[in-house]
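To find a chain, count down the sequence lines: A is the first, B the second, and so on, and within it residues start at 1.
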Protein chains: 2
Amino acid sequence: MQSSKNKVSCETCTISQLCIPSALSENEVTRLDGIINRGAPIHKGKFLNQAGDEFKHLYAVSTGSFKSYTLSEDGIINITGFYFPGELIGLNAISTGIHKTFVKALETSAVCALPYDQMDELSGDLPSLRKQLMRIMSKEIVEEQELHILLSRKNAAERMAAFLLSLSLRFKKRGFSATTFNLTMTRGDIGNYLGLAIETVSRLFSQFQKNEIITVSDKLIEIVDLPALLKLAGAACDEHI
Amino acid sequence: MQSSKNKVSCETCTISQLCIPSALSENEVTRLDGIINRGAPIHKGKFLNQAGDEFKHLYAVSTGSFKSYTLSEDGIINITGFYFPGELIGLNAISTGIHKTFVKALETSAVCALPYDQMDELSGDLPSLRKQLMRIMSKEIVEEQELHILLSRKNAAERMAAFLLSLSLRFKKRGFSATTFNLTMTRGDIGNYLGLAIETVSRLFSQFQKNEIITVSDKLIEIVDLPALLKLAGAACDEHI
DNA sequence: CGATAGCTTGAGTCTTATCAACGTATGTGG
DNA sequence: CCACATACGTTGATAAGACTCAAGCTATCG
């Protein structure tokens, strides 16, 4: 999918501390740099990969954002995740070697492509890289399990609160404001992801705004009352404190 | 948690084709055998590990079954999974090195303990083992995503149907009947896992039985009309055909 | 300027949770 | 061995939360 083969450097990347290199030594990062390619920009609405594609690369989001979704035979879309800079796309395709999800850019974005075979080989040599990959996959499992709990036990307002807090925390870690940010996904995307009707998402935004927990202006969200949002989501979000 | 250090052999294990060894050569399995210990039997209701425990081993279920769950500050239990022979327990603890879930035996069970540090080291030497571990973790991610879709888009009957089919398939792969099996978990466990009230689970069992899709006798389930169950769950269960 | 996609709000309905009562099985101590 | 406690399961009645349907609004883009 990436058309150019420009070499990039994790060493000079502003988000490397959120990505794979965070656990590697300088020398190890240099070796990782050796196999990474930066792809051409991907414009809003374009695909990073599609279901059925052969799995060749993991992608580390460099800038922008993506959504991933499955498409069932009867045309039903199921959004499985959103991806921001520093996050890895494609871990779910390792098991079969075939992508099962579509990954679409939510805005003009760019990724670093990591050829999986070379990553695997390198991880045989570099224990830190190997451990880091295992940690990242494990973390993905933990996050999916947290989502499982969210969906099986929480009501609509609690889900929305947890979703907004998740975004807030991710932006904060990337050096952006934790309280003011733009949603790159639609209300429909959010509802699909959280198992809610689009109307419910819209009503919750209105309700949260009425209750002075957030302000909403189209895509722009400002968290006004973080404690209230934390309380709504349940106390499982200690990282915010 | 395991008290004895009896060496076991994957080579002679009846479920090795479902477990880690399935992708390894004879020689590689021998090296894997070198680090695996079989623990003492764990009786029903006893813990394999508890939240807060340090993560030292992955556990491969040998016989029996387990449930894993989180316990929130306010005492709410959230069941995150069920484990059957050949399945690996503990992948979610790799990321932090601390167990976040309780793992409790649903019946008298046994596990093989795989010291994670030694597994990691060995996987540096053995590309097949390394790839297999990555595949297993990736598969876990896929399964959690499928659960995400189940919980966000399916109604109560569809969830129950998918759950029963999942059990059926897992028993079938283990050489047991795909149509007649015992539930080792309670109705409450199932409801908690699927995001349904226990009364709803009970009603669905009754309804499925009335519609001659299954027969229920306490813990014993027989699938009478597999096509109907597949249709209910949505066609995503092709492996059953 | 019109078409389209995305969003908001209201009204009515339906699914599923909750509350309640009762039934069943198992195990314990007197 | 029986009485009792406890955990688990079933079924009915009711209520609430979220979905669906419907209508209209806003922004964007060709």
Side-chain angles (χ1 to χ4, degrees), chain A residues 43-46 67 69 76-79 104-108 149-164 182-211 214-221 232, chain B residues 43-46 67 69 75-79 104-108 150-164 182-211 214-221 232:
Chain A
H43 292 287
K44 180 175 176 173
K46 301 296 182 193
K67 67 176 174 183
Y69 60 91
I76 307 282
I77 284 178
N78 287 108
I79 294 183
K104 189 182 262 193
L106 293 168
E107 58 193 311
T108 300
I149 294 172
L150 193 75
L151 293 172
S152 66
R153 316 284 299 178
K154 308 283 191 181
N155 66 25
E158 291 165 340
R159 291 183 205 184
M160 268 298 298
F163 179 72
L164 290 174
N182 263 292
L183 300 174
T184 53
M185 69 290 292
T186 67
R187 307 287 197 266
D189 288 337
I190 296 171
N192 187 302
Y193 179 72
L194 293 177
L196 302 172
I198 179 174
E199 295 93 334
T200 303
V201 173
S202 185
R203 275 184 253 270
L204 284 169
F205 275 132
S206 302
Q207 184 194 312
F208 283 8
Q209 178 155 245
K210 204 184 90 191
N211 296 347
I214 63 175
T215 62
V216 187
S217 173
D218 196 13
K219 297 284 200 184
L220 186 70
I221 303 289
L232 249 182
Chain B
H43 292 288
K44 180 174 177 174
K46 300 297 180 192
K67 67 175 173 183
Y69 61 91
I76 307 281
I77 283 178
N78 287 108
I79 294 182
K104 190 183 262 195
L106 293 169
E107 59 193 310
T108 299
L150 192 75
L151 292 173
S152 67
R153 317 285 298 179
K154 308 285 190 178
N155 67 24
E158 291 165 342
R159 291 183 205 184
M160 269 296 299
F163 178 72
L164 290 174
N182 262 292
L183 300 174
T184 53
M185 68 290 290
T186 67
R187 307 287 197 265
D189 289 337
I190 296 171
N192 187 302
Y193 179 72
L194 293 177
L196 302 172
I198 178 174
E199 295 93 333
T200 303
V201 173
S202 186
R203 273 186 255 270
L204 285 168
F205 275 133
S206 302
Q207 183 194 313
F208 283 8
Q209 178 155 244
K210 203 184 92 193
N211 297 346
I214 64 174
T215 62
V216 187
S217 172
D218 196 14
K219 298 286 199 183
L220 186 70
I221 303 288
L232 250 180

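- Look at CD on B/Gln209: it is 15 Å from P on D/dG9, rounded to the nearest Å.
- Of all nucleotides in DNA chain C, those with any atom nearer than 4.0 Å to a heavy atom of chain A start and finish, going 5' to 3', at C/dC7 to C/dA11.
- Remark: A/Ser152 pairs with A/His148, B/Leu151 by the side-chain contact (heavy atoms from CB on, under 4.5 Å) rule, at least two apart or across chains.
- Under the rule for a side-chain contact (heavy atoms from CB on, under 4.5 Å), the partners of B/Arg203 that lie at least two apart in sequence or sit in another chain are B/Glu199.
- Applying the side-chain contact (heavy atoms from CB on, under 4.5 Å) rule to A/Lys154 yields the partners A/Leu150, A/Glu158, A/Arg159; only residues at least two apart in sequence or on another chain are considered.
- With contacts defined as side-chain heavy-atom distances shorter than 4.5 Å, the pair A/Ile190/A/Met160 qualifies.
- If A/Ile198 and A/Asp218 are placed on DNA chain D by their nearest nucleotide, the residue sitting closer to the 5' end is A/Ile198.
- Contact annotation: side chain of A/Arg203 to base of D/dG17, donor-acceptor pair absent below 3.5 Å.
- Atom NZ of A/Lys219 has more than 12 neighbouring heavy atoms from other residues, nucleotides or ligands inside a 6.0 Å radius.
- The stretch residues 185-195 of chain A touches DNA chain C through A/Thr186, A/Arg187, A/Gly188, each having a heavy atom under 4.0 angstrom from the strand.
- Here the closest heavy-atom approach between residue A/Ile214 and residue A/Val216 is recorded as CD1-CG2, 3.5 Å.
- Distance, B/Leu204 CG to D/dG12 P: 14 Å, rounded to whole Å.
- Crowding of A/Lys44 atom NZ: a count of heavy atoms from other residues, nucleotides or ligands under 6.0 Å not exceeding 12.
- One end of the helix from C/dC1-D/dG30 to C/dG30-D/dC1 points its axis 30° away from the other end's axis, with each axis taken from 5 pairs and the angle rounded to 10°.
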